[in-house]
Colleague: 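There's a structure below that I have some questions on.
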Amino acid sequence: MNENEIKVIKDVPKEELITGGTFACGGCGAVTGIKFTLKALGKNTIMVNSSGCMTLTALYPFTPYKVPWVHLAIENAGSVATGILMGLKAQGKDKDTNVVVYAGDGATYDIGFQSLSGAADRKENFIYVCYNNSFYSNTGFQRTGATPLLSETTSTPLPNILPRKHMAKIMVDHECEYVATACTSYPLDYMNKLREASKYKGVKFIDLLCPCVPGWELKPGMSYEAGKMMVDTGLWPVYKVVKGQFEVTIKPKMLPVRQAFEMQGRFGHLKDEHFKRIQDQVDKEWAHFEKGEYYKACEY
Amino acid sequence: MTNKNITTGLNKMKSRTYTGTPDRKRANIDILDGNGVTAQAVLLSRVQSIPIFPITPQTEFIKTMAQLKEKGIYKGEMNVLESEHSVLSAAIASQMTGARTFTFSGSQGLMLMHEMLYVASGTRTPMVMVNGSRALSAPITLWPDHNDFFDQRDTGWLMLATESNQELLDSIIIAYKVAENQKVMIPFMVNMDGFIQSTTRTEVEIPEQNKIDKFLPKLKQQVKLDVTKPMTLGLGAMEDYMFFRSQLHKVNLDAKKVIMDAHKDFAKITGRKYDVIDTYKLKDAKVAIVIMGADSTIAKATVDVLRKKGKKVGLLRMRLVRPFPEKEIRNALKHVKHIGVCDQNIAPGMSGIMFNEIRSALYGEKPLVSNYIFGLGGKFISKEDFGKVFNELLTNKKEKRAWIM
């Protein structure tokens, strides 16, 4: 699919463009995501951040970033990327520079949706990665549009009864040429998607599931496993939609959803009937995915 | 037909029917409204990037720039975004790459930008913005007053209010010169009155491009987003926050001298002299009005009328609002017996906003200071109205707070 494809893990660039020693929690999926993003895209990358957990990776006078990095506010990552591209284009520098947004799910699904939608509409040339830990983690785990059904959050102590937004589908509807979902527990899949996305025009949207150790109430050190289990149970479908063509890139093992939920304290209140309800929904969804019926799978 | 005027080219004077008596020795006279003048200033300043969102009274500017871009006269970028908040976000980011950036808004648009105004000054991006002043909703209206402008008073921007379109043109160029000074590096907001300036065509002399190029050389930004020299911009701070704010305050204060120097340099190339405050027949005045914006012209005409009758009246027009020219104001006004601060804005529950500042500048000095609120939402004000104010100032022995309506 791509001459730059990374086939095995040892082909991943060794150079680290984000150093260790950030202020992030141990096992943070989102920092791991930044690491993979910069490894895949390389040095000629400008990273845009929106206010959130990842803003706290750089606190004056420290920075872990070896690429240009900018943060302005929470709700404008799409516009900041637009501005950078305008400035670069005015100086003839836009051809050889990647602009990548790395914004949280609250900043993408909710408060920053307008700026993302506007940028997608204008076909601005950048990659938008939503690091999705499925709530406002930085402020203490309140519900966002990305919070899964029946998850407990600090704003929905009786669990969240609203289904999550299908952000990827919304971006497909913006006629984005490249839309994908990914998970930090499958780094090669994610990095190859970033490299493939670079070839397309307009906003390239990747919804990256990043396990959050304190928010998902994981045991320390279980970040990788928790993410992997979300994919393997089919709870987090990993696919891409390239110019409207839907393709599943990681086929789930379809393990019982219960196994994913039992690792996460935020689902600790779930009972058998809940597991069954969600299992039925996931099975129904995947029946459609397997037939390539993307839109039907996204229906509730 | 503003656009036609502009597209005739940068420095070409074209003959057209036109009342008034232009000085034929000065080459580049044009008749432009505020939107047209802003477009000219953008061309002269060699702006590279304009993120923008349409709002009355600035829409003509977008139309003009779009036409100029299509004809290849404007060679930079222009992008109509989906909101003013996004516009200012993009403008900051664009300036952060080292491209000279401009934007133009007003009223509700400026209010939506409010959050990002602090970010712009906090990240020290030397961009320039014009505000077409327009009264704030609710009730929503189209006519000018200065509440939108004064609401941005504490954002850390350098702020300047103009009276005429000529002054607007010159001020935009001066603003870039100041903002981009290595000792300053703060964004600059230039105010014009919506409709009165933006849509009224007046005679404007357009400076020559080569002179402006010398006055305002190419931008060489040191701190920027550049893959060859990675920097982390807009990062957070904890206990160092106060240090950054103190620096912003200090630099804002120190910018006054840079502005004064820029005024001198600008006078050398164009002959047009500006100061941080604009005084009119104030030296021997017994009473004076303090005012800001385009309606100053009417007040100045009133001064002329009363002077002819032998009344010793004068006027001070606020040009530089931030940094606040406290010393200059005190020196210009301390001999006056009674001052009437005419505010085209209102801080409900308090008074006019400028009134507070002027009175604070005069603390410990002799003058009585009265406050008149006028022209909110473009409420018409006449020479007679100003005449009444002057009469009150001349006769009243007590301070007064009143509305002219």
Side-chain angles (χ1 to χ4, degrees), chain A residues 17 23 42-51 54-94 96-99 111-122 124, chain B residues 46-53 75-101 103 113 115-116 118-120 122-123 125 127 218-219 221 223-241 243-244:
Chain A
L17 294 169
F23 293 92
K43 267 183 177 172
N44 285 348
T45 304
I46 297 177
M47 186 173 252
V48 179
N49 172 249
S50 67
S51 306
M54 290 306 103
T55 310
L56 300 178
T57 52
L59 277 183
Y60 180 81
F62 304 110
T63 178
Y65 295 100
K66 292 184 181 171
V67 295
W69 180 96
V70 61
H71 154 260
L72 294 186
I74 184 167
E75 68 281 52
N76 59 2
S79 320
V80 174
T82 303
I84 290 172
L85 286 165
M86 284 178 74
L88 292 176
K89 208 171 166 197
Q91 300 171 83
K93 292 182 188 167
D94 61 319
D96 46 1
T97 308
N98 299 312
V99 176
I111 189 170
F113 179 64
Q114 178 185 306
S115 80
L116 168 59
S117 175
D121 170 46
R122 296 187 301 269
E124 305 289 353
Chain B
R46 297 198 185 277
V47 167
Q48 292 168 291
S49 171
I50 311 174
I52 203 153
F53 184 84
K75 293 188 178 66
E77 290 294 307
M78 188 169 86
N79 203 342
V80 179
L81 272 65
E82 83 292 340
S83 80
E84 281 95 350
H85 191 284
S86 284
V87 161
L88 198 58
S89 307
I92 298 167
S94 164
Q95 184 74 51
M96 274 180 170
T97 64
R100 189 172 284 160
T101 305
T103 192
M113 286 177 174
E115 180 198 15
M116 298 315 293
Y118 281 87
V119 179
T123 51
T125 45
M127 52 174 293
K218 248 185 157 181
L219 170 63
Q221 203 167 303
V223 177
K224 60 179 175 181
L225 294 169
D226 183 354
V227 287
T228 58
K229 205 179 164 198
M231 288 186 192
T232 301
L233 300 184
L235 77 176
M238 291 295 156
E239 64 268 31
D240 296 302
Y241 178 83
F243 166 72
F244 283 106

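All chains are named by letter (A, B, ...) in the order of the sequence lines, taking the proteins before the strands, and each is independently numbered beginning at 1. Quick caveat, the model's predicted, so the values are computed rather than measured.
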Colleague: Would you mind checking which part of B/Ser83 comes under 4.5 Å of any heavy atom in chain A, side chain (CB onward), backbone (N, CA, C, O), both or neither?
Modeller: both
Colleague: Determine the option with the most heavy-atom pairs under 4.5 angstrom with chain A, choosing from B/Val119, B/Thr123, B/Leu225, B/Asp226.
Modeller: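 If we count pairs closer than 4.5 Å to chain A, B/Leu225 comes out on top.
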Colleague: Using side-chain heavy atoms (C-beta onward) and a distance below 4.5 Å, is A/Val99 in contact with A/Leu88?
Modeller: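 Of all side-chain heavy-atom pairs linking A/Leu88 with A/Val99, at least one is under 4.5 Å.
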Colleague: Let's test your reading of the structure: which of A/Ala119, A/Pro64, A/Ala90 forms the most heavy-atom pairs below 4.5 Å with chain B?
Modeller: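 It is A/Ala90.
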Colleague: Name the option with the most non-hydrogen atom pairs under 4.5 Å to chain A; the candidates are B/Lys75, B/Lys224, B/Met231.
Modeller: B/Met231
Colleague: Among A/Thr63, A/Thr82, A/Ile84, A/Thr45, who wins on heavy-atom pairs under 4.5 Å with chain B?
Modeller: A/Ile84
Colleague: Would you give the length of the straight line joining atom CE of A/Met86 to atom OG of B/Ser49, rounded to the nearest 0.5 angstrom?
Modeller: 3.5 Å
Colleague: B/Gln48, B/Glu239, B/Met238, B/Glu115: which one forms the most heavy-atom pairs within less than 4.5 Å of chain A?
Modeller: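 Going by pairs under 4.5 Å, I would pick B/Glu115.
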Colleague: State, yes or no, whether a side-chain contact exists between B/Val87 and B/Met116 at a heavy-atom distance under 4.5 Å.
Modeller: no
Colleague: What residue in B/Arg100, B/Glu82, B/Gln95 has the most heavy-atom pairs under 4.5 Å with chain A?
Modeller: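 Looking at each of B/Arg100, B/Glu82, B/Gln95 in turn, B/Glu82 comes out on top.
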Colleague: When only pairs under 4.5 Å are counted, which of B/Gly122, B/Gly76, B/Gly98, B/Ala91 shares the most heavy-atom pairs with chain A?
Modeller: B/Gly98
Colleague: Would you mind checking which part of A/Val67 comes under 4.5 Å of any heavy atom in chain B, side chain (CB onward), backbone (N, CA, C, O), both or neither?
Modeller: backbone
Colleague: Where does B/Leu88 contact chain A at under 4.5 Å (heavy atoms): side chain, backbone, both or neither?
Modeller: neither
Colleague: Could you check if a side-chain atom of B/Leu81 sits within less than 4.5 angstrom of a side-chain atom of B/Phe53, using non-hydrogen atoms only?
Modeller: no
Colleague: Is it the backbone or the side chain of A/Leu56 that comes under 4.5 Å from a heavy atom of chain B, or both, or neither?
Modeller: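 A/Leu56 touches chain B through side-chain heavy atoms alone.
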Colleague: Between A/Tyr60 and B/Phe244, what is the ring plane arrangement, given parallel below 30°, perpendicular above 60°, and tilted in between?
Modeller: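 The arrangement is perpendicular - the two ring planes meet at more than 60°.
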Colleague: Heavy atoms only, distances under 4.5 angstrom: which of A/Ser51, A/Pro61, A/Gly87 has the most pairs with chain B? Name it, please.
Modeller: A/Gly87
Colleague: Do B/Pro51 and B/Thr101 have side chains that get closer than 4.5 Å, going by heavy atoms?
Modeller: yes
Colleague: Within the 4.5 Å heavy-atom criterion, are A/Glu124 and B/Asn79 side-chain neighbours or not?
Modeller: yes
Colleague: Tell me, for A/Thr97 versus chain B, whether the close heavy atoms (under 4.5 Å) come from the side chain, the backbone, both or neither.
Modeller: side chain
Colleague: When only pairs under 4.5 Å are counted, which of A/Val48, A/Leu85, A/Val80 shares the most heavy-atom pairs with chain B?
Modeller: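 The option with the most such pairs is A/Val80.
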Colleague: Answer yes or no: is there a side-chain heavy-atom contact under 4.5 Å between A/Asn49 and A/Thr57?
Modeller: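 No. Closest side-chain heavy atoms not under 4.5 Å.
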Colleague: Quick one: does A/Phe23's side chain get under 4.5 Å of A/Leu59's, heavy atoms only?
Modeller: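 The answer is yes; the side chains approach within 4.5 Å.
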